[in-house]
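The structure appears right after this line, and notes come after that.
Small disclaimer: the values here were computed from a predicted structure and weren't measured.
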Amino acid sequence: MDKLESVKARLCTWLSEDPDFILTKCGNMLLMNEFLEAQERSNALEKMEVLLSTIITKGDDTCHSFLDILEENQAHYQQLKQLFNPATQKSAAPTAHADSCSVVTMREITDVQLETLNVEIKTEMDPQSWKTGTAVGPVLQRDYTALNGSVICADKISGVNIDVLNLSVSVKSVNTGRQDTATPSVDETPPSHEGPAAKMIISKKLRLIHCLSADPSFILQNVQQKNIVSNREYGNLKDLSQREDTVINLIDLVIGKGEKACSLFLEVLKQPDILETYPNLN
């Protein structure tokens, strides 16, 4: 039960690629009303959240049976291999979310001998950009979440021999009234999620996450080139350790910027080089 609780957020995302398949496989361990409650949810992620919550409340025996089903069906959900085969990922790295004006650092410093170790975190933040930190649509739980001009230092220091450790965090408040480059902001009007482009991105969010996670760096470079994200936002997204986190935060950021940014993002997704890199977008 504890294992399912710890990976529940990731499982909901992975299994939502084909929710009906796993619901059918779990039919024998669910009551009819429990099965219908999950099946009748409006989107795939909600279906999986209901299913996982139901399984966990049934106790350890049901949780073990559910894990057995997942292990038997790894071929259907490729990302499940991360759960059962630790070799597919070096470690269960912590997950993070930072909005456009916040920072999360997760550096590892190991096996060094120094008299003095200086660890510095410096950033400039515009309070006017805090509004872009609003997440829209399904947002998965993160180990570290930095919002509204906050800084989280989750650096790991181990196996070091030092006399002095200097840790400093510097946050400078700036009022630029513009983005990092000379290019005007894509959308200076208050974010709106009622337009057709924003609605389409929200409705296809889980599928977009799955497609774009194959190569987050390429889509990041393209949205930066089109000035959909600022240089600071690009840097924050690029520094995230998990591919899936990068794409989730990028999509949330675009939606938060409003209809114009969403329209530009959809145009980027239609570019020939993008479709070649992410064939599932077709």
Side-chain angles (χ1 to χ4, degrees), residues 13 78-79 89-90 93-107 121-126 129 131-140 142 144-146 174 176 178-188 191 195 197-198 200-202 204-282:
T13 301
Q78 291 298 317
Q79 290 174 304
Q89 55 179 16
K90 291 189 292 185
T95 56
H97 169 79
D99 63 17
S100 61
C101 56
S102 302
V103 175
V104 176
T105 66
M106 295 188 294
R107 298 168 292 190
I121 305 173
K122 295 182 178 180
T123 186
E124 291 185 352
M125 299 175 182
D126 182 359
S129 67
K131 64 189 179 186
T132 63
T134 302
V136 179
V139 178
L140 304 182
R142 295 286 170 260
Y144 305 107
T145 302
V174 294
T176 61
R178 56 181 176 83
Q179 290 190 329
D180 297 330
T181 65
T183 305
S185 170
V186 165
D187 195 349
E188 295 295 343
M200 181 175 183
I201 292 174
I202 293 171
K204 304 295 183 184
K205 184 177 180 182
L206 291 173
R207 297 180 66 181
L208 284 172
I209 291 170
H210 176 66
C211 292
L212 300 178
S213 292
D215 188 357
S217 63
F218 189 67
I219 189 64
L220 273 181
Q221 292 165 22
N222 276 269
V223 295
Q224 184 195 30
Q225 184 180 16
K226 297 294 185 181
N227 297 313
I228 298 174
V229 299
S230 69
N231 290 341
R232 183 191 302 139
E233 292 165 342
Y234 171 83
N236 287 339
L237 291 166
K238 183 169 65 70
D239 288 343
L240 294 177
S241 60
Q242 298 284 335
R243 292 184 173 189
E244 191 175 88
D245 292 341
T246 300
V247 176
I248 291 172
N249 292 351
L250 169 62
I251 294 175
D252 286 342
L253 181 60
V254 171
I255 295 171
K257 286 176 176 284
E259 179 66 12
K260 185 175 180 181
C262 290
S263 297
L264 289 174
F265 183 64
L266 289 179
E267 289 303 315
V268 169
L269 297 183
K270 296 175 185 177
Q271 294 175 182
D273 57 337
I274 296 291
L275 293 173
E276 182 179 352
T277 304
Y278 309 102
N280 287 336
L281 284 176
N282 286 302

inquiry  = Check this for me, if you would: do Lys205 and Asp252 make a salt bridge, where the nitrogen-to-carboxylate-oxygen distance has to be below 4.0 angstrom?
reply    = yes
query = Roughly how far, to the nearest 0.5 Å, is CG of Leu212 from CD1 of Ile251?
reply = 5.5 Å
message = In the structure I gave you, are the side-chain heavy atoms of Leu281 and Leu208 within less than 4.5 Å of one another anywhere?
response = yes
task = With salt bridge (Lys or Arg N to Asp or Glu O under 4.0 Å) as the test, would you mind laying out the steps for Lys257 and Glu233 before giving the verdict?
result = CA-CA 12 Å; Lys257 286 176 176 284; Glu233 292 165 342; 3.2 Å; yes
ask   = When rounded to the nearest 0.5 angstrom, what distance separates CD in Gln224 from OG in Ser230?
value = 8.5 Å
pair Phe265-Val229: side-chain heavy atoms closer than 4.5 Å = no
request  = Output yes when a side-chain donor or acceptor of Tyr234 lies under 3.5 Å from a complementary backbone atom of Val223, and no otherwise.
outcome  = no
inquiry  = If we ignore hydrogens and angles and just use 3.5 Å, is the side chain of Glu259 paired with the main-chain N or O of Ala197 as donor and acceptor?
reply    = yes
Ile248 side, atom CD1; Leu237 side, atom CG - distance, nearest 0.5 Å = 11.5 Å
Residues 266-276, side-chain donor-acceptor partners within the protein, below 3.5 Å, at least two apart:
from, atom 1, to, atom 2, distance (Å)
Gln271, NE2, Asn222, OD1, 3.3
Gln271, NE2, Asp273, OD1, 3.3

ask   = Is there a side-chain contact between Gln221 and Lys226 (heavy atoms, below 4.5 Å)?
value = no
task = Would you confirm whether Arg243, through its side chain, and Asp215, through its main-chain N or O, come within 3.5 Å as a donor-acceptor pair?
result = no
request  = State, yes or no, whether a side-chain contact exists between Ile219 and Tyr278 at a heavy-atom distance under 4.5 Å.
outcome  = yes
request  = Determine the minimum heavy-atom distance between Ser213 and Glu244, stating which atoms define it.
outcome  = OG-CA, 3.6 Å
task = Answer yes or no: is there a side-chain heavy-atom contact under 4.5 Å between Leu250 and Thr246?
result = no
